[in-house]
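By convention here, the first residue in the shown sequence is residue 1.
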Amino acid sequence: DFSANRRLFSGLKTMGYDNKDSVILIGGVNNGQATLNVIKENPSITIHGFEIQPEQFKTAVHNVRNYNSVHIHNLGWDETPRKSVHIGGKDGKAGLYDPNGQRGWKLSENTVSTVRMDEWADTQNIMETTYILIDAEGFEPKIVRGMGIEQIKNRRRFPLIQYELGGTWAAKDKRHGNDKWNQGDIARWFIKNGYQLFYVGKTHWLPITDTFFNVPNNPLIDDEGYGPYIQGNMLAMHLSFTPANIQSFIWNFTPLKTSELNVQELAPKLVKPKVSMKPIVAIDEPQKQSMSTLELWKYVQSHKNEYDNG
């Protein structure tokens with residue numbers, strides 16, 4: 001996903017977004033790696049980064065100290081604002097969850113306050129953003145619900161959102177916190193609210209629909225023992241409120257052309273899933289998957305290195 005991020009950040013600079021009026025929000029800056037990737041290409045763009053861990057917060061502040069347009073906050077994103085929330089896990093796997101001993105992790109003594117993104121943006125008078133990056137170790141569903149995109153003002157405010165997939169979405173993984181949404185549910189929520197979804201690759205963005213998460217033979221499905229999930233990153237682009245030049249830039253990096261895919265050869269060559277599993281979301285007639293979904297399967301199978309976001 002770093003390759004894809006650099007592609008986007010370079011494009012933003014070329015399109016004239018390297019200025020203080022362009023706002024990027026980053027949830028889970030850790031030591032500031034993603035933030036530095038942005039400002040290397042766009043040193044004048046306004047960035048608000050959020051980090052829940054006290055030591056990583058201090059490191060991130062130090063690493064971006066020479067950039068006046070970057071602001072790092074020791075806050076978490078959430079569906080409901082809370083105070084003194086204990087942090088589970090550690091380092092890059094830390095999050096607002098109770099690991100309860102899973103993988104040997106436990107709750108730390110460190111706590112943090114959380115905010116809803118729509119409410120926090122109101123307090124900062126941020127009515128528009130250019131891009132949002134969410135890497136929150138299983139808290140992605142709550143963060144997205146806390147953005148309030150069911151309201152048109154927030155769809156306009158948050159038109160381009162990247163969020164992480166991976167094992168944190170597995171049903172029995174403690175990081176998922178028994179959340180009511182799985183990977184298919186959040187995809188449907190974005191689509192319902194007017195967003196186009198892209199699976200993020202090293203050199204392309206692959207346009208998908210929510211059916212991408214339903215298929216029992218999707219070669220990207222994995223399971224570490226806590227339930228099935230798809231690894232990688234998703235980009236949600238609102239089709240009305242994302243600026244036209246950014247939309248054009250992203251579509252120019254989409255690889256799928258029906259003429260390049262021989263769908264007739266697909267059925268007998270479907271790869272076997274990595275694990276024995278049921279579909280992530282129940283489907284009534286899996287044999288009647290749409291042609292576009294079949295094309296996506298075949299494309300991902302033949303470009304594994306491109307979409308190996310482990």
Using only atom types and a distance under 3.5 Å, with no angle test, would you say the side chain of [X] pairs donor to acceptor with the backbone of [Y]?
X: Ser10; Y: Arg6; result: no
X: Arg116; Y: Glu79; result: yes
X: Glu140; Y: Ala136; result: yes
X: Thr242; Y: His238; result: yes
X: Gln124; Y: Ile126; result: no

In the structure I gave you, are the side-chain heavy atoms of [X] and [Y] within less than 4.5 Å of one another anywhere?
X: Asn154; Y: Met147; result: no
X: Asn110; Y: Pro54; result: yes
X: Thr114; Y: Leu96; result: yes
X: Thr111; Y: Ile87; result: no
X: Tyr229; Y: Thr168; result: no
X: Leu12; Y: Thr130; result: yes
X: Glu119; Y: Pro81; result: yes
X: Leu206; Y: Thr254; result: no

Inter-residue atom distance [X].[atom1] - [Y].[atom2], 0.5 Å rounding:
X: Ile161; Y: Ile149; atom1: CD1; atom2: CD1; value: 5.5 Å
X: Ile186; Y: Leu165; atom1: CD1; atom2: CG; value: 8.5 Å
X: Leu160; Y: Leu8; atom1: CG; atom2: CG; value: 6.5 Å
X: Arg65; Y: Ile72; atom1: CZ; atom2: CD1; value: 13.0 Å
X: Asn19; Y: Ser44; atom1: CG; atom2: OG; value: 7.5 Å
X: Leu197; Y: Ile191; atom1: CG; atom2: CD1; value: 4.5 Å

Where do [X] and [Y] come nearest, in terms of heavy atoms and distance?
X: Gly76; Y: Val112; value: N-CG2, 4.1 Å
X: Leu133; Y: Ala34; value: CD2-CB, 3.8 Å
X: His86; Y: Ser108; value: ND1-O, 3.1 Å
X: Asn30; Y: Glu51; value: N-OE1, 2.6 Å
X: Tyr17; Y: Ser22; value: O-OG, 2.9 Å
X: His176; Y: Lys142; value: O-NZ, 4.2 Å

With side-chain contact (heavy atoms from CB on, under 4.5 Å) as the test, would you mind laying out the steps for Ile208 and Met234 before giving the verdict? CA-CA 10 Å; Ile208 68 167; Met234 295 297 304; 3.2 Å; yes
Could [X] and [Y] be called an ion pair, given the rule that one side-chain N must be under 4.0 Å from one carboxylate O?
X: Glu137; Y: Arg175; result: yes
X: Arg7; Y: Glu41; result: no
X: Arg188; Y: Asp210; result: yes
X: Asp98; Y: Lys174; result: no

Honestly curious: do [X] and [Y] fall in one hydrophobic cluster under the side-chain, below-4.5 Å linking rule?
X: Phe241; Y: Met237; value: no
X: Ile39; Y: Met15; value: yes
X: Val23; Y: Leu75; value: yes
X: Ile45; Y: Leu36; value: yes
X: Met117; Y: Val85; value: yes

Is the count of non-hydrogen atoms from other residues, nucleotides or ligands lying under 6.0 Å from Asn66 atom CG greater than 12? yes
Taking atom CD of Glu128 as the centre, does the number of heavy atoms from other residues, nucleotides or ligands within less than 6.0 Å exceed 12? no
Pair Trp120, Phe50 - check ring-ring contact (aromatic ring centres under 6.0 Å, His included), show working. CA-CA 12 Å; Trp120 178 87; Phe50 294 72; 5.0 Å; yes
Of all residues at least two apart in sequence or in a different chain, which pass the ring-ring contact (aromatic ring centres under 6.0 Å, His included) check with Phe198? Trp251
Can you pull the ring pair (Phe, Tyr, Trp, His ring centres under 6.0 Å) pairs that have at least one residue in residues 122-142, sequence neighbours excluded? Phe9-Tyr131
I would like to know whether Asp185 and Phe213 meet side-chain contact (heavy atoms from CB on, under 4.5 Å); could you show each step before the answer? CA-CA 9 Å; Asp185 294 324; Phe213 299 96; over 6 Å; no
Under the side-chain contact (heavy atoms from CB on, under 4.5 Å) criterion, do Val61 and Asn74 qualify, and how do the steps go? CA-CA 10 Å; Val61 169; Asn74 186 207; over 6 Å; no
For the pair Val200 and Gln162, evaluate side-chain contact (heavy atoms from CB on, under 4.5 Å) and give the outcome as yes or no after the intermediate values. CA-CA 9 Å; Val200 177; Gln162 181 171 318; 4.2 Å; yes
Just do the salt bridge (Lys or Arg N to Asp or Glu O under 4.0 Å) check on Asp173 and Arg103 with the steps written out, would you? CA-CA 10 Å; Asp173 193 301; Arg103 295 185 177 88; 2.9 Å; yes
Quick one: is the NZ or CZ of Arg145 closer than 6.0 Å to the six-membered ring centre of Trp189, and within 45° of its axis? no
Rest of the hydrophobic cluster containing Tyr97 (Ile/Leu/Val/Met/Phe/Trp/Tyr, side-chain heavy atoms under 4.5 Å)? Trp105
I'd like to know whether Arg157 forms a salt bridge (Lys or Arg N to Asp or Glu O under 4.0 Å) with Asp118, so could you lay out the CA-CA distance, the side-chain angles of the two residues, the decisive distance to 0.1 Å, and finally the verdict. CA-CA 9 Å; Arg157 177 163 26 200; Asp118 54 358; 6.0 Å; no
Determine, step by step, whether Glu224 and Lys172 satisfy the salt bridge (Lys or Arg N to Asp or Glu O under 4.0 Å) criterion, reporting the C-alpha distance in whole Å, the side-chain angles of both residues, the deciding distance to 0.1 Å, and the verdict. CA-CA 10 Å; Glu224 298 174 326; Lys172 296 181 181 179; over 6 Å; no
